[in-house]
Amino acid sequence: MSLLVRGGTVVNSQGRRAADVLCEDGRIAAVLEPGSGVAADEAVDAGGLLVFPGFIDPHVHPRDPGDTHKEDFAHASRAAAAGGITTLLVMPNAVPPVTDAASFRRRAEEHGAVAHVDFGLWGLSLGMANIDDLAGLFAAGAVAVKLFWGYALDRESKRLVYNSDDCTPDDVIPPASTGEVLEICRVVAGAGGILGAHCEDRDILDVGQRRLGRAPEDYTELNVARPEVAESTSVAVGIELSRATGCRFHVCHISSARATHLVRLARKDGLPVTAETCPHYLLLAADDCAGKDSAMKAYPPCREPEDREALWAGVIDGTITSLGSDHAPHTLEDKTQPFATAPAGMVAVEVMMPLLLDQMTAGRLTPERLCWAACEGTARLYGLHPRKGAILPGADADLVLVDPQATWTIRGEDLHSVQRHTPFEGYEVRGMPVMTILRGSVVAAGREPVGAPHGRLVRREVRGRS
Ligand code: DOR
Ligand code: ZN
Ligand code: ZN
């Protein structure tokens, strides 16, 4: 089975050129001069379009199993395809979570039966409770291990406790101490893995909430309760633990100028420290969230315009290696509760690339830079390159055709997730994925998922240490 994508402009992280892409048996067979006239079973006309490697979203919480009324993997992966994403890296905090090799294999099987795009799996750190299982998780192929640093976890279900008033100390696994995280880093380094962390220092969050005297009741108060110094302190500690152990330390959803600066310095020092940010931190400051406070509630919160600008600088200079949606759906009922009790997180997987492509069309970043952050940089970070992340002979034939001038007014009702509401309701974007191709087959066209699910598990290639 062969497919020729002809007449487009092929984008890689180093440049773009007019070329035809020949796909054979799910792989890229050749990148040819335009008009090569080579024969193929099928052809797609990409005239006037950019041809990107399939976009990778390394940060999604599909709630499956456990909270499938919020989202499930079949829907999340169809939404991903519609939004131009061909690989999802799935966060482990479902119920039950992925905490060891056996639960990894079960989740891979469950998701593999319904996956509309390819997927990798994160493992969950339960602090000391599963430290002996981390090596097995990496051996099974986990792309990284996630530490919800600063979060308590429900002892029974291992669910995150979103608001500290929601629990009694006996019911929870308390957040790991700094010394315990040092131990976790040693183990992850020994396994040649990556520790990805939600970085907010628990003590600083507690003091922030005490300053308020109650749970935050609007977005401004959220930044008092969860200030940027909570993030930067946790990132600073993570960098030191990485330096001491050699552990690859990845800052998930970085939100502040100060933390970005620390990551930049660490990378200049040659430390294996990386960072990811999300569209909401790049596009919104705290003041923009006023009026839709609960809908925009996410941890960490959006910050100040200076932070937003520093994140852009980080994406442009490569300090920030990766972009993720932090797709973390809740029901509309959950999200229309009073701010203090509403859970954090938003429906985001399908709007991530339209929002970022809009920024590309507006000239905020080049196609090459976007290709680095949303394809190659992310694929390299998680050990998926060169199979994913670049349009090269031998790579998986994952391609996204982008029309930089196509427009869309974002509407929750158009989304393909279980929960179809978005804080970006009514946003107008210019720059859209118009066709998504997974290993040589079309999985979405014109924003609609197409065909039967045939997504597969991708494993991180472990580069062990000697
Ligand atoms: O806002 C968030 N929601 N931040 C997280 O770290 C977790 C996520 C979720 O799973 O709901
Ligand atoms: Zn997080
Ligand atoms: Zn998350």
Side-chain angles (χ1 to χ4, degrees), residues 57-73 76 88-98 121-125 143-154 157-164 166 175-176 195-202 205 216 219 222-223 225-226 228 230-231 234-235 238 249-256 259 275-281 284 286 289 292-303 322-332 334-335 337 339 341-349 352 417-419 421-423:
D57 184 348
H59 193 150
V60 293
H61 301 264
R63 316 299 194 198
D64 187 356
D67 286 317
T68 49
H69 60 294
K70 297 187 176 191
E71 183 63 305
D72 63 39
F73 194 62
L88 289 174
L89 304 185
V90 175
M91 284 292 172
N93 60 322
V95 184
V98 174
L121 297 178
W122 285 72
L124 179 64
S125 168
V143 288
V145 159
K146 179 72 182 276
L147 175 69
F148 286 95
W149 209 349
Y151 269 100
L153 299 173
D154 184 90
S157 65
K158 316 288 187 297
R159 276 191 170 87
L160 303 181
V161 177
Y162 290 100
N163 302 306
S164 47
D166 294 352
L195 187 67
H198 175 113
C199 290
E200 287 185 289
D201 183 88
R202 184 74 250 165
L205 299 186
Y219 214 92
L222 186 61
N223 263 293
R226 307 183 87 98
E228 53 88 27
E231 178 175 83
S234 153
V235 168
F249 182 76
H250 181 60
V251 183
C252 293
H253 51 48
I254 201 165
S255 67
S256 65
E276 161 205 86
T277 195
C278 316
H280 42 288
Y281 303 118
L284 303 170
C289 300
K292 30 185 174 175
D293 304 55
S294 298
M296 283 294 184
K297 186 176 179 186
Y299 297 159
C302 298
R303 312 282 186 188
S322 190
L323 297 167
S325 67
D326 204 356
H327 179 68
H330 297 287
T331 63
L332 194 54
D334 292 331
K335 293 296 278 179
Q337 283 182 60
F339 191 82
T341 47
M346 57 179 85
V347 178
V349 67
M352 173 167 87
S417 282
V418 169
Q419 291 296 322
H421 52 87
T422 162

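Note that ligands are numbered from 1 as they come in the structure, with each ligand's atoms numbered from 1 the same way.
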So, [X] side chain and [Y] main chain: donor-acceptor pair closer than 3.5 Å or not?
{"X": "Arg63", "Y": "Ala328", "result": "yes"}
{"X": "Asn223", "Y": "Cys302", "result": "yes"}
{"X": "Asp67", "Y": "Lys70", "result": "no"}
{"X": "Lys146", "Y": "Gly123", "result": "no"}
{"X": "His421", "Y": "His330", "result": "yes"}

With sequence neighbours excluded, what pairs up with [X] under the side chain to side chain donor-acceptor pair (under 3.5 Å) test?
{"X": "Ser417", "answer": "Glu71"}
{"X": "Lys297", "answer": "Asn163"}
{"X": "Asp293", "answer": "none"}

Give the numbers and elements of all ligand 1 atoms closer than 4.0 Å to a heavy atom of [X].
{"X": "Tyr151", "result": "4 (N), 5 (C), 6 (O), 7 (C)"}
{"X": "Asn93", "result": "10 (O)"}
{"X": "Leu160", "result": "7 (C), 10 (O)"}
{"X": "Ala328", "result": "3 (N), 8 (C), 9 (C), 11 (O)"}
{"X": "Ala298", "result": "1 (O)"}

Would you mind checking which non-hydrogen protein atom is closest to [atom], with the distance to 0.1 Å?
{"atom": "atom 9 (C) of ligand 1", "value": "Tyr162 OH, 3.4 Å"}
{"atom": "atom 3 (N) of ligand 1", "value": "Ala344 O, 3.1 Å"}
{"atom": "atom 6 (O) of ligand 1", "value": "His198 ND1, 2.9 Å"}
{"atom": "atom 4 (N) of ligand 1", "value": "Tyr299 O, 3.1 Å"}

Protein N/O/S atoms closer than 2.8 Å to the Zn ion (ligand 3): His59 NE2, His61 NE2, Asp326 OD1
Looking at ligand 1, does any of its N/O atoms fall within less than 3.5 Å of an N/O of Phe148?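 The answer is no, given that Phe148 and ligand 1 share no N or O pair closer than 3.5 Å.
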Applying a 4.0 Å heavy-atom criterion (strictly less than), which segment of His330 is in contact with ligand 1: side chain, backbone, both, or neither? side chain
Please work out, at 4.0 Å between heavy atoms, whether the side chain, the backbone, both, or neither of Lys146 comes within that distance of ligand 1. neither
Are [X] and [Y] packed together at the side-chain level, in the sense that at least one heavy-atom pair is separated by less than 4.5 angstrom?
{"X": "Met346", "Y": "Asp326", "answer": "no"}
{"X": "Val145", "Y": "Leu124", "answer": "no"}
{"X": "Cys199", "Y": "Cys252", "answer": "no"}

Report yes or no: does Arg63 have a heavy atom closer than 4.0 Å to ligand 1? yes
Looking only at the side chains, is there a donor atom on one of Arg303 and Ser256 sitting less than 3.5 Å from an acceptor on the other?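 Ser256 and Arg303 do not have a side-chain donor-acceptor pair below 3.5 Å.
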